[in-house]
Amino acid sequence: MRDLLRVEGLSTRFFTGEGQVNAVESVDFTVRQGEILGIVGESGSGKSVTALSLLDLVESPGEVTAGQLWLRDADLADEFPGAADGAFVDLRELPERVRRSLRGPTFSMIFQDPMSSFNPSLTVGEQIAEAVEVQRRADANPRSTRSRTEGYGLGSYVVDGLLPNRDYTGEESHDRAVELLERVGIPDPEKRVDEYPHEFSGGMLQRAMIAQALAGEPDLLVADEPTTALDVTIQAQILELLRDIQADREMSILLITHDLGVIARMCDRVAVMYAGQIVERGTLEDVFDDPVHPYTEGLIGSIPDLDDPAPRLQPIEGNVPSLLDDEMPRGCYFADRCPKAMAACLEPQAERPVGGKEHAARCVLVDSDYDERDALSDGPEHDAVADGRGDDV
Amino acid sequence: MIRRLLDAVTGRLSPRTVQNLRSEFDTSPLTKVGVGILVVVLVTAVFAPLLAPWNPEAQNLDRSQQPPLGFTRAENQTTQETVDGEVQLIQETVQVNATVAHPLGTDGLGRDMLSRVVYGARTSLVVGVLGTLLAMLVGVPVGLVAGYYKGRVDDALMRVADVSLAFPSLVLAIALVGLFGQAAVEVPDPLVTTGLAAAIRGVTSLPGGLAYPTGMPATFTLPGTVILVVGIVNWVWFARVARGEALGVRDEEYVKAARSLGGPDRFIIRRHVFPNSITPVLVLATIQIAAIVLLESALSFLGFSGTTLSWGFDIAQGRQYQTTSWWIAAMPGLAIVLTVIGINLVGDWLRDALDPGIEGEGGGV
Amino acid sequence: MGSFGRFLLKRSLQGVVVILGVISVLFVLRYVTPGSPVDFIAPLDASDATRRRIAESLGLNQPLYVQYGDYIVSLLQGEMGYSYRSRTAVAPRVFAKLPATLELAVAATVVAVILSIPLGVISATRRHTGPDYAATVFSFLGISTPNFWLGVMLVILFAVQFGAFPTSGRPVGLLDALGHLVVIAGPERGWALPLNVGSFVAAMQNWLLHVTLPAITLGTYFTALITRLTRSGMLDELGRGYVQAARAKGLPTTLVRYRHALRNTLIPVITVVGLQLGTLIGGAVITEAVFDWPGLGSLIIDAINNRDWPLIQGSLVVIGAGFVVVNVVVDALYVRLNPRVLE
């Protein structure tokens, strides 16, 4: 499989009143064509910000401060030779206008809470048709950005009040919205296309969001906790739908979740995030069967195993650190919670390959075994710098 | 009565609320400005007889239309002169200069603008505070009862509120004051009647070596009808807010529990429903004071006030001198703007600190 | 559409009830205020017989409910009785004053809406920049300044000092000015020129000159208020999930801002503006007083000073009814923008 996107050294920071927050720090990963890559981590580990950084959706006071996002796109590479490396082009070197035009046909995203991700005062169909319409206008007139907003500006808000639907989108886009709704398995799409979000159930609305994300026929669909807000039975259906669509259209999916069960069920490869860094990555088998990083071990240990009734549930003690730049330790960020922390852990750790393959981890244990004599004297919690500040970055 | 009211307000605030108020106060410089303005206005209003340099009603036609410090006024004068045995009329332009004795100038009758502005603060604040209290005393119980009982009582209240809102408050107030007359009560001013003002003023003197006049008005005119009317006009707002809160609380488990235990409705309303409405009512009250200060000044401006010592009244006076003496209208207006800004800043402070629905901006993952 | 129609019907019926309430309140008010109408009409030395005759001619000898019924019936026929003072019919006088007030209110509203919504949007989208601070300071001053004082100051500055505008009055109405456009040429003037463009321009200019300061006076508070509401609403909306989702699906910024965020911002703005319409009318009354603008406000103040009840009653009924009607329209607009409330 060919690489679709190579992320190298991505760092995203938030410059808040309380100080600099390193939400994403030096993250590397690769998304291949037609695969499902999972990113897993606790809330506040920076996985959502990573996704937003890919789509250039990080907003002030946040900012992508370093790294390259190499996208395979021969046309763009021709157009912007300065930003190109072979068939790849570094998205961060592209003008904002171009990056925005990639949202839809290249990247698309679905979010955790479908109810808040739809505009409550427009019909679902209208919002899907809108995504189709933008693409249609862009394809018809790739040079002009004006054509995409034609018939819509500050002045027309009064008119919009009187004619709430159908002022921007055309008949064709509307019909395409019906098709898309049908594709994601919404019954009676002709009728539902004209309903408002509050008339949909959560599961149906998540399907509609997937339909909306498919409007631009994206190469990479970023799914940020797509099932977290849903009932368990519905979760399975949505995952099934995602898998189905992925196989059908040969697109890639970047699946972000805190749920290892979802990862195990869906992904080809997986990356584990902790405190803004990827601490371990590899194929599903590498990471699940042969974890190296104690954090990964802990995560896997915290999945209840139905086959083994013995209590194996071991939650990781302590909290995700604050990510405030001033409060981050110099060494491994996990050291203060790590059951196997050693003196070496007080030094910064680089990512090291495990067994030469794709498997890699950011941990001293890759090269050495745990030695109790080197253990940090007072065990976990010894270096509780940020005593459980919220994880709300 | 007042003591109990204060306790009811502050005592019922949770420690967290008090802490919110404090931290909001510490972090917002604008809040400090607002509180500062209000304290100044309040002190001015209370100690007017000590602070006003002149008796605000004392006329002095020789000194009429004096400009405020830093300005001059050109006046056309016609004088008679006998030149070679012939009487000639000579037109000349004279500069009228400002004097330290009247830093904000004087009005058309030579009354000191600063003193009038100082005394005007009294009228505005008294009407603002008493009018708001009245509106609150009428509106809150009605709203609580309507929201608690729901159904017919509530429907009836809402229709009354609709009707009452169909009249613009200023129009309704003009109509009521105009029709019921402008009754006013002369309240003795304790600072003056006890001789305290005269004693204190006797030992100080004005800048420029002028003697400090000691004769201050012995009574303060309380515009009774205006207070009643602004209270009547504004009660609906309190009723609406209290009703909303009561509607929200009446179906809570603990209220249901109290009802099932057979607690009398009066008790439940006072004990469970009323405390919930305190915070929004407090925020509304601040906004209402500003609204009523503006309403009072508008009524006075239109001549429906019952007192001649009011900012709005002076602006109306100033209109007659608009071609020659802008300050007569400008000074009291600035005082109104400043006072209302102060109240609005404090209102914003309370809203930001007390209303949880407004908090929580900023980015998140 | 059916549910919208039902909503409109229900809301209109409620409006009728409120208007009836307004009429009733005014009717009651007339009888609780001190002084009998006869006192205002009869000469000071009038005999009891004369006074009785006057009372009879006013229908005051009838039982209250009959008087009430008569009043409602005459209102339905478009009559509002006769002024105590001038003995002329009230209805034509009230309706003759209506255009002046409407002109002023509409001019102020149009100016306010045109200025404030873009101002609020700019303020929200360029947060913490010069324009944002300027808009914030302006809106804070605007909501804290009494409009009549602003009017007096504008007159002193722009009319008296600079002489750029007239100080007061309304020599020509908007409808009269527009009338010049459609003057049909008659035999005396010749048939050649159906449109009287020259005099239209002159009249419009005259109207605009006179309406500018009053419209600013009346409109400033609303401009400030709507700017403030738009700014804070827009900031709220721009932080919501659907805005991020809209950006993620590739919508251009213009569309995200105006089609999505602004639309939801305007929903609460419309509610507040609807509630504030009373302030607009009250503001018009006092603005008319400042600029000697011959509208309903001046009429009401005169009527109250003269205790001319039929005139007071007539103009207040018209104001109350107008307010209710505009509120129904505002509610309808609200529902159009916010489909959720129909459920």
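- Nearest approach of B:Ala175 to C:Leu316, heavy atoms of both residues: CB-CD1, 4.3 Å.
- Residue-level contacts of residues 224-233 of chain C with chain B, in order of numbering, are C:Arg228; threshold 4.5 Å between heavy atoms.
- Taking CG of B:Leu302 as the reference point, atom CD1 of C:Ile301 lies at 4.5 Å (rounded to 0.5 Å).
- The part of C:Thr167 that comes within reach of chain B is its side chain, from C-beta onward, which places non-hydrogen atoms under 4.5 angstrom from that chain.
- Counting heavy atoms from C-beta on, the side chains of B:Val163 and C:Leu20 never come closer than 4.5 Å.
- In this structure, the separation between CD on B:Gln322 and CG on C:Leu157 is 12.0 Å, given to the nearest 0.5 Å.
- Applying the salt bridge (Lys or Arg N to Asp or Glu O under 4.0 Å) definition to pairs two or more places apart or across chains, none involves residues 268-277 of chain C.
- If you measure heavy-atom distances from C:Val285 to chain B, the contacts under 4.5 Å come from the side chain alone.
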Show, in sequence, the C-alpha distance, side-chain angles and deciding distance for B:Asp162 and C:Asn327, and conclude whether the side chain to side chain contact (heavy atoms under 4.5 Å, CB included) test is met.
CA-CA 11 Å; B:Asp162 282 349; C:Asn327 250 319; over 6 Å; no
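- Summarising the local packing, OH of C:Tyr68 is surrounded by more than 12 heavy atoms from other residues, nucleotides or ligands at distances under 6.0 Å.
- Counting heavy-atom pairs under 4.5 Å between each of B:Leu295, B:Leu179, B:Val171, B:Ile174 and chain C puts B:Leu179 at the top.
- In terms of modelled atom types and a separation under 3.5 Å, the side chain of B:Arg159 and the main chain of C:Val18 share no donor-acceptor contact.
- Panel note: side chain C:Trp149, backbone B:Ala329; a donor-acceptor pair is recorded below 3.5 Å.
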Run the side chain to side chain contact (heavy atoms under 4.5 Å, CB included) check on C:Phe148 and B:Ser297 step by step: do they pass?
CA-CA 9 Å; C:Phe148 61 91; B:Ser297 68; 3.4 Å; yes
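- Across all non-hydrogen atoms, the minimal contact from C:Gly282 to B:Pro168 is N-CB, 3.7 Å.
- Across C:Pro146, C:Ala321, C:Gly283, the residue that shares the most heavy-atom pairs under 4.5 angstrom with chain B is C:Pro146.
- For the atom pair CG of C:Leu280 and CG of B:Leu170, the computed distance is 12.0 Å after rounding to the nearest 0.5 Å.
- Interface residue C:Leu26: only side-chain heavy atoms are found under 4.5 Å from chain B.
- Contact annotation for residues 331-341 of chain B against chain C (heavy-atom separation below 4.5 Å, listed by residue number): B:Gly333, B:Leu334, B:Ile336, B:Val337, B:Val340, B:Ile341.
- Residue-level contacts of residues 231-243 of chain B with chain C, in order of numbering, are B:Trp237, B:Arg240; threshold 4.5 Å between heavy atoms.
- In terms of heavy-atom pairs under 4.5 Å with chain C, the best-connected choice from B:Thr323, B:Val177, B:Ile343, B:Val293 is B:Thr323.
- Taking CH2 of B:Trp327 as the start and CD1 of C:Ile156 as the end, the distance is 10.0 Å to the nearest 0.5 Å.
- Considering every non-hydrogen atom in both C:Ile286 and B:Ala298, the closest pair reads CD1-CB, 3.4 Å.
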Go through it in stages, so that I can follow the logic: the residues are B:Phe304 and C:Ile304, the test is side chain to side chain contact (heavy atoms under 4.5 Å, CB included), and I'd like the CA-CA distance, side-chain angles, deciding distance and then a yes or no.
CA-CA 10 Å; B:Phe304 290 98; C:Ile304 289 173; 3.8 Å; yes
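- In this structure, C:Asn147 CG and B:Phe301 CZ are separated by 9.0 Å, a value rounded to the nearest 0.5 Å.
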